[in-house]
Amino acid sequence: MADAVQQLFPEAKVTIGPPVEDGFYYDFDYPNAFSVSDLEKIEAKMREIIVQGAAFECREVTRDEALATFAKRNEPYKIELINGLPEGEKITMYRHGNWEDLCRGPHTVKTADIKAFKLLKVAGAYWRGDSKNKMLQRIYGTAFASQAELDAFLQQREEAEKRDHRKLGKELGLIAFHPYAPGAAFWLPKGAIFYHELSEFMRSLLLSEGGFVEVKAPLLFNQKLWETSGHWQHYADAMFRVVSEEQNFGLKPMNCPGHMLLYSMGLHSYRDLPIRYCEQTPLHRNEASGTLAGLTRVRQFCQDDGHIFVRPDQIEEEVAAALKLVAKIYGIFDLKYEVKLSTRNPEKFIGSIETWESAEKQLAAALERNHIEYRLEPNEAAFYGPKIDFDVTDAIGRKWQCATIQLDYNLPERFDLTYIGEDSKKHRPVVIHRAIFGSFERFIAMLIEHYAGAFPTWLAPIQVQLLPISDDVIDYSQDVKAKLMQSGIRVAVDGRNEKLGLKIREAQLQKVPYMAVIGKKEKEAGGLAIRSRVKGDLGVMNIGDFGKLVLAENEQKR
RNA sequence: GCCGAAGUAGCUCAGGGGUAGAGCAACUGAUUCGUAAUCAGUAGGUCAGGGGUUCAAUUCCCCUCUUCGGCUCCA
């Protein structure tokens, strides 16, 4: 591709072009952005090159040879790359026809081996991934061993786009956005039901089995709190600030500092630990405008947040319990995830290196003892401590952090938190930050895409849609609705003067789990003709039996 | 925030320097119907907002806002 680009746009400077998960990209320094029609020209040129069928030849060169080659071609980025290679590293060049590139390889044997490819999109990307550097033009593409495989890939992408939570969220009447509130969702009546079900599910679980107590801290805090926690120094720009009577306040971007204050306001015995606070209140982060995306990256959100204050000897057990809870909850939704252990960023941390290393070791140990596969992510920790993150992949293949478990020795220090030990002296607790869903907003986005909008009964905004066939059974339908509602089922009547086929079609498109057709026969028999979203016509059932069936699914989270 | 693309009726989209169109939805009427779309009629728009060029701008240019795809960031 780079060969084709330079043939068509001789001014374009080559930089790097690695393979990625679904294909490849190449970054060019070129004064203008490439347009869609440029991509077509580049593709055409690439086909010409492929048809020529030149072999890819690899040769090893010395550092000086490599430098001289790219100096002659006036390719400063390649020279910078070569100079950045460690001493003694093998330098290889790949040639096809008259064009040669610095590359680690390997390549296919010859250009003609490339059977099917497509350039997908252009985007800006910073040189060496640093926003202080120049912005380059990146071209993304993909390639397959056959046209059929490429077609299948493109087809699959189209299918995936249909599950996009932004599209389904609108179609199913769950969420809306308005330009007056960028990055903050409106939860429409149906979306609010979904949200509330999840929220209640988590609350009751944490309060019953989880050993948590629920608290509600203020949303707005004096700047002094954020200075104490360290957030002001690290994230002042990303906080929404409010001035009142010459005092600076900040809307809370997270719950931990509030919970630290709450803990610090009382006296705690070693016998009381662990103390587990949970809270679901709104958080605000002033995310950069260009990063906002549907429900996955928002400015206002709410976490199923929790902070556990423990003695050092209780860390392992509490982390293990959190790991088990994540596995249990994600199992209920059948959601797949990847686990990462993020360790200290030498350029962004508070506290001593010793405590960091100890914290990192304890998290790794907890993962290993629970036989959880994970990937190490150096430098990715929060500034106050290392963390275990759980990434979920969205419909179009992007990964989003959802659950998180973070170990923190630093905030207890900064807030001078203590508990009274057996020796009646003051000791420092450790804090475990943890969220299972992460943010409700993002988790719901993942669920919408995971289920493609066809939610299990317990989450479906409307669980049963009653479909009266004619006006003379509407009264009976209302009676049925009242009965089902009384038993706690979310039920609606489609009383419009429309044909049954249309009502069924619309209920299906809205992905309502159960439809109940009501005509004269049902009215006389006192029953319902049940139709399942998935299985179709289930025949006539009596109201009580059907109600039990739905309630059982509610109970079993199905 | 940076690079790029986009914004036309509630929704999905067409159009294009001479004052805007379809389908669905809505409304009205007819139809009372048995497992994925009944028929007819009516109404609906500062063409995202602001400025400029022009006799004339929704169309061309500039700015702003929002959204989308990436990049950076993500407590």
Side-chain angles (χ1 to χ4, degrees), chain A residues 25 27 30 32-36 120-140 161 164 166-167 170-171 173 176-183 226 229-239 252-257 283 285-294 296-299 303 342 348 350 380-385 387 389 396 398 400-401 404 406 408 411 433 439 442 467-474 496-510 515-522 529-533 536-539:
Chain A
Y25 68 77
D27 287 348
Y30 185 65
N32 310 313
F34 296 112
S35 66
V36 175
L120 299 171
K121 59 197 172 194
V122 282
Y126 298 107
W127 167 236
R128 302 208 136 175
D130 188 334
S131 59
K132 290 188 214 57
N133 289 342
K134 185 161 184 186
M135 183 150 280
L136 309 172
Q137 300 298 326
R138 174 171 297 178
I139 301 177
Y140 284 94
E161 279 163 20
D164 191 309
R166 293 165 293 199
K167 185 173 157 61
K170 191 187 258 186
E171 285 172 4
F177 288 91
H178 191 277
Y180 286 175
W226 309 115
S229 68
H231 288 92
W232 200 262
Q233 296 83 319
H234 287 272
Y235 296 106
D237 288 347
M239 277 177 65
K252 68 179 174 187
M254 31 130 60
N255 291 306
C256 28
L283 303 174
R285 298 181 184 179
N286 197 2
E287 305 283 7
S289 55
T291 63
L292 300 177
T296 46
R297 192 76 183 272
V298 285
R299 289 197 175 133
Q303 293 177 329
S342 300
K348 203 172 175 185
I350 55 179
E380 294 295 319
F383 70 89
Y384 51 74
K387 56 178 184 166
D389 285 333
I396 53 178
R398 293 179 294 199
W400 300 94
Q401 186 213 109
T404 186
Q406 314 181 351
D408 184 357
L411 286 179
H433 307 238
S439 94
R442 181 175 289 178
L467 311 178
I469 287 173
S470 62
D471 288 350
D472 45 6
V473 290
I474 286 199
R496 295 175 302 167
N497 176 9
E498 294 289 353
K499 286 188 157 177
L500 180 61
L502 180 91
K503 294 184 181 185
I504 287 174
R505 175 182 158 79
E506 294 192 352
Q508 284 284 155
L509 290 174
Q510 285 292 305
M515 288 150 263
V517 175
I518 299 175
K520 287 196 185 79
K521 277 185 279 178
E522 287 73 22
I530 303 301
R531 179 189 162 101
S532 147
R533 173 178 69 190
D537 196 345
L538 298 183

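Residue numbers start from 1 in every chain, and the chains themselves are labelled A, B, ... in the order their sequence lines are given, proteins ahead of strands. Everything quoted here is computed from the prediction, not taken from an experiment.
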Does A:K348 make a cation-pi contact with A:F383 (under 6.0 Å, within 45 degrees of the axis)?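 Negative - A:K348 is either too far from the ring of A:F383 or too far off its axis.
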Taking the C1' atom of each, how far is B:rU38 from B:rC24, in whole Å?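 Roughly 15 Å separates the two C1' atoms.
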Interatomic distance at P, B:rG51 relative to B:rU59, whole Å: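 Rounded to whole Å, the distance is 13 Å.
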With a 4.0 Å cut-off on heavy atoms, is [X] in touch with a base, just the backbone sugar-phosphate, or nothing at all?
X      : value
A:Y180 : nothing
A:A123 : base
A:L509 : base
A:E498 : base
A:S470 : base
A:G501 : sugar-phosphate
A:Q303 : nothing

Given the structure, check if the side chain of A:Q137 and the base of B:rG70 hold any donor-acceptor pair shorter than 3.5 Å.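 Counting by modelled atom types and ignoring angles, no donor-acceptor contact under 3.5 Å is found here.
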Expressed in angstrom and rounded to an integer, what is the separation of A:R297 atom CZ from B:rC68 atom C1'?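 Result: 16 Å.
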Report yes or no: is the ring centroid of A:Y235 under 5.5 Å from the six-membered base ring centroid of B:rA75, with the two planes under 30 degrees?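 Yes, the aromatic ring of A:Y235 stacks with the base.
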